[in-house]
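For the numbers below, each heavy atom of this structure counts, side chains included, while hydrogens, waters and symmetry mates do not. So that the names make sense, note that chain A is the first sequence line, chain B the second, and so on, each numbered from 1.
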Amino acid sequence: MSVLVYIENSEGVFRKSAFETISYAAAIATKLNMPLVAVSIGNVSQDELAKASKYGAQKILNIANEKLATPNSQPYASAITAAAKAENGQVVILSASFAGKSIAPRVAIKLNAGLAENVVSLPEMNGSFIVKKGSFSGKAYSIIEMMDGIKVISIMPNCYKVVENNVAPQIINFDFIPTEVDLVVQSKERIRSSNTISLPEAELVVSAGRGMKGPENWGMIEELAKVLGAATACSKPVSDAGWRPHSEHVGQTGIAISPNLYIAIGISGAIQHLAGVSSSKVIVVINKDPEAPFFKAADYGILGDAFEIVPKLIEAAKTFKANQN
Amino acid sequence: MKILVCISSVPDTTAKINFTPDNKEFVSTGVTFILNPYDEIALSKAVDLATTNNGTVTVINVGDVTTEAVIRKALAIGANDAVRINAPARDSYFVAKQIADYVSKNPFELILCGRESSDHNGSSVPVMVSELLNQPCFLFAKNLVIDGKSATIECEIEGGKEVVSTSLPFVACASEGMAEWKIPNMRGIMSARTKPLVVVDPIEVEQKVKLISYDKPASRSAVKMINAEDVSQLFDIIREEKKII
Ligand SMILES: Cc1cc2nc3c(=O)[nH]c(=O)nc-3n(C[C@H](O)[C@H](O)[C@H](O)COP(=O)(O)OP(=O)(O)OC[C@H]3O[C@@H](n4cnc5c(N)ncnc54)[C@H](O)[C@@H]3O)c2cc1C
Ligand SMILES: Nc1ncnc2c1ncn2[C@@H]1O[C@H](COP(=O)(O)O)[C@@H](O)[C@H]1O
């Protein structure tokens, strides 16, 4: 019996969320007294694969079939299922990323397992197996008991800290050949935006709303984000108006995020916006209206005109970063 | 083209979410239920596709009788008929099994869903339905173009987008931007009352997860206002007090 963790790579490189997922899985494996097996799919170098053992993966299964070079949820789910069966996996853990969300429910069905999505903390494992997951768009959590049998869990990015836990790397090539039925989707083109920090995983997020008046004023938002090493986000009307791409839209009908720091500039703090960002650890609100509802949901507030405050913040961020180095 | 749209009935986006004192149940009194916003986009897209492809749109919901108001709304927006599987939506596996069972007996060429429900937030039902039917699923579709039996779909991926192609049947989920919201007109509202709504008994499904209770996020302490003149210290203050940067 084992605990299995799927680690997602981005063009052959593991991102922070992969290490969070392994750290989380390692804690479960320790508690259940089972070995931790990591599964990687696609073209990843041996050096990169070995990194998984820094966080406690005793065995790393490398599935490098050429037909799996491009991420594709159907064959990937079949591959993870095959690995789970071979290793007698009892708990299978994935990140609740775009890819993870497309794969986890398939794996659950294939393994005839229970599924819990968007889990935010370690399960309670004293006889029963109880998880806490996000629900009602950030307004609540559901506490779910997973019944006996195999369990599949997807965990929210940024909810579990990366924990170092060095073990000797043991990389094993795992043969898996996808079937035709799983290969009915052809990838034509994969386009990565220049902004390399992915919003759902970002630790710092600079977000702006209609208070910025127009798309031509986003230069300062982007600059602040760049200096801080943050991702950029926006409110719904901003993406509706085409000022920013929909992929930046956070909130109830956009992406739900839980960064360490969320800076909201010229955003009123409507309930639908708060739904997606209220699990941020620290929230800073910049708004010229003292009555803006967002101040009630913030840790720090700055009352004033964004066009005066943001340039000062950019300078402050530069100094802060310079002192850090 | 026969299109199925999976719809869920969810608390209004502005609703305050409250639970019974023992935290075991959601308190629905005083809460308005709406068509899940993403499902509304999916439905709009389905109506557009049906118009250009000489097709029909059926909506399906797994829920008790209280969801019928939302089903009628979907009929008013432009669905031709509706199916309600008569059982509370216990969990995503239960819901997906019901939908997949219905579709295996009544095939559709295209199934559209929302990318997530605003109460459960699982993004699981569509993927499970597609898995049970052995079809592809595009959970984060931004754009969907259908040409005869083939389709081109633009999907959101980590840090970018991907364009894929496949052929019908498949499951695709709507996000903001996939279609324009449709506001039901008077004729739609009137005709919704007489459009067929079939109620189907549920099949039995093994229970693998059980809701125990709910919990609310810890409330934040009162906001600390920083003087506009002291902005230069913001990051030092955050580091000092919160140790997160
Ligand atoms: C079904 C549904 C789903 C929704 N989902 C979402 C969602 O997912 N995400 C989302 O964001 N919204 C969502 N909304 C919309 C939401 O209700 C609000 O309309 C929206 O969040 C407001 O965006 P905003 O704060 O950018 O704009 P506004 O509400 O117009 O606020 C602009 C703010 O900027 C401030 N301001 C103006 N000028 C300046 C300046 N010079 N300096 C500083 N501050 C300034 C103003 O005081 C104001 O507070 C949804 C609505 C519905 C009905
Ligand atoms: N009870 C339900 N009946 C029909 N469709 C549903 C139901 N619940 C969820 N769905 C569909 O599945 C999508 C994702 O829901 P969820 O998996 O709950 O996040 C929704 O946007 C709907 O399209």
Side-chain angles (χ1 to χ4, degrees), chain A residues 10 74 97-98 101-102 105-106 109 114-118 130 134-137 139-147 181 184-193 196 198 246-247 249 252-254 260-261 271-272 278-279 281-282 295 297-304 309 312-313 316-317 320, chain B residues 11 13-14 17 37-38 92-93 118-124 127-128 131-132 134 136-137 139-140 142 152 156-167 175-177 207-217 220-221 223-226 228 231-238 242 244-245:
Chain A
S10 162
Q74 284 174 289
S97 59
F98 290 135
K101 283 180 175 173
S102 303
R106 289 192 186 274
I109 298 232
L115 171 70
E117 325 86 342
N118 303 319
I130 295 170
S135 63
F136 292 101
S137 302
K139 295 178 198 168
Y141 297 105
S142 300
I143 315 292
I144 307 279
E145 176 174 359
M146 303 187 78
M147 319 291 223
V181 198
V184 292
V185 178
Q186 280 88 41
S187 177
K188 296 279 168 210
E189 189 178 20
R190 285 172 77 84
I191 306 155
R192 304 235 151 214
S193 53
T196 44
S198 132
H246 271 301
S247 54
H249 154 201
Q252 178 134 27
T253 47
N260 286 342
L261 177 62
I271 190 160
Q272 298 96 347
S278 58
S279 50
K281 289 176 195 78
V282 175
F295 283 127
D299 299 282
Y300 299 97
I302 304 171
L303 181 62
I309 310 268
K312 284 192 201 164
L313 269 187
F320 178 75
Chain B
T13 54
T14 58
I17 301 301
Y38 290 126
S92 33
Y93 181 59
S118 67
D119 50 357
H120 185 68
N121 305 128
S123 299
S124 307
V127 184
M128 286 185 166
E131 175 66 27
L132 291 165
N134 229 328
C137 176
L139 187 52
F140 300 102
K142 288 153 66 97
T152 306
E156 204 170 326
I157 56 171
E158 251 75 38
K161 65 178 182 182
E162 181 179 27
V163 181
V164 298
S165 69
T166 193
S167 48
S175 301
E176 198 85 25
Q207 185 164 15
K208 295 173 186 299
V209 294
K210 190 167 106 196
L211 176 77
I212 299 194
S213 61
Y214 294 103
D215 196 3
K216 286 247 194 141
R220 273 171 210 278
S221 44
V223 59
K224 179 168 178 175
M225 295 305 288
I226 310 267
V231 165
S232 59
Q233 276 132 55
L234 176 73
F235 299 108
D236 298 303
I237 297 172
I238 295 175
K242 307 283 181 183
I244 48 120
I245 52 173

Between [X] and chain B, with a heavy-atom cut-off of 4.5 Å, which part of the residue counts as in contact: side chain, backbone, both or neither?
X: A:Asn118; result: side chain
X: A:Ser247; result: both
X: A:Gln186; result: both
X: A:Phe320; result: side chain
X: A:Ala297; result: backbone
X: A:Val181; result: side chain

Tell me, for [X] versus chain A, whether the close heavy atoms (under 4.5 Å) come from the side chain, the backbone, both or neither.
X: B:Ile212; value: both
X: B:Tyr214; value: both
X: B:Ser175; value: neither

For B:Lys210, look at atom NZ and say whether over 12 heavy atoms of other residues, nucleotides or ligands are found less than 6.0 Å away.
->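 Atom NZ in B:Lys210 is not packed in, count stays at 12 or less.
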
Does [Y] offer a backbone N or O that forms a donor-acceptor pair with the side chain of [X] under 3.5 Å?
X: B:Tyr38; Y: A:Thr253; value: yes
X: A:Ser198; Y: B:Glu158; value: no
X: B:Thr166; Y: A:Val184; value: yes
X: B:Asn121; Y: A:Phe136; value: yes

Between chain A and each of [options], count heavy-atom pairs under 4.5 Å; write down the option with the most.
options: B:Lys224, B:Lys142, B:Gln207, B:Arg220; answer: B:Arg220
options: B:Leu234, B:Ile226, B:Leu132; answer: B:Ile226
options: B:Gln233, B:Glu156, B:Glu162; answer: B:Glu162
options: B:Ile17, B:Ile245, B:Thr14; answer: B:Ile17
options: B:Ser221, B:Ser232, B:Pro217; answer: B:Pro217
options: B:Ser167, B:Ala228, B:Ser165; answer: B:Ser165

Do A:Arg106 and B:Val127 come close enough that some side-chain heavy atom pair is under 4.5 Å?
->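 Yes - at least one pair of side-chain heavy atoms lies under 4.5 Å apart.
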
If you round to the nearest 0.5 Å, how far is [atom2] of [Y] from [atom1] of [X]?
X: B:Ser118; Y: A:Lys139; atom1: OG; atom2: NZ; value: 7.5 Å
X: B:Thr13; Y: A:Ile271; atom1: OG1; atom2: CD1; value: 7.5 Å
X: B:Lys208; Y: A:Ile144; atom1: NZ; atom2: CD1; value: 15.0 Å
X: A:Lys101; Y: B:Leu139; atom1: NZ; atom2: CG; value: 7.5 Å
X: A:Arg192; Y: B:Ile157; atom1: CZ; atom2: CD1; value: 4.5 Å
X: A:Leu313; Y: B:Phe235; atom1: CG; atom2: CZ; value: 5.0 Å

Which heavy atom of B:Met128 sits nearest a heavy atom of A:Pro105, and at what distance?
->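 Where B:Met128 meets A:Pro105 most closely, the heavy atoms are CG-CB, 3.7 Å.
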
Go through [options] and name the one with the most non-hydrogen pairs under 4.5 angstrom from chain B.
options: A:Ile191, A:Leu115, A:Asn260; value: A:Ile191
options: A:Gln252, A:Met146, A:Lys281, A:His249; value: A:Gln252
options: A:Ser187, A:Gly254, A:Ser10, A:Gly304; value: A:Ser187

Between the side chains of A:Glu117 and B:Ser124, is a donor N or O closer than 3.5 angstrom to an acceptor N or O?
->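 Side-chain D/A pair, A:Glu117 to B:Ser124: present.
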
Show your reasoning for whether side chain to side chain contact (heavy atoms under 4.5 Å, CB included) applies to B:Lys242 and A:Leu261.
-> CA-CA 10 Å; B:Lys242 307 283 181 183; A:Leu261 177 62; over 6 Å; no

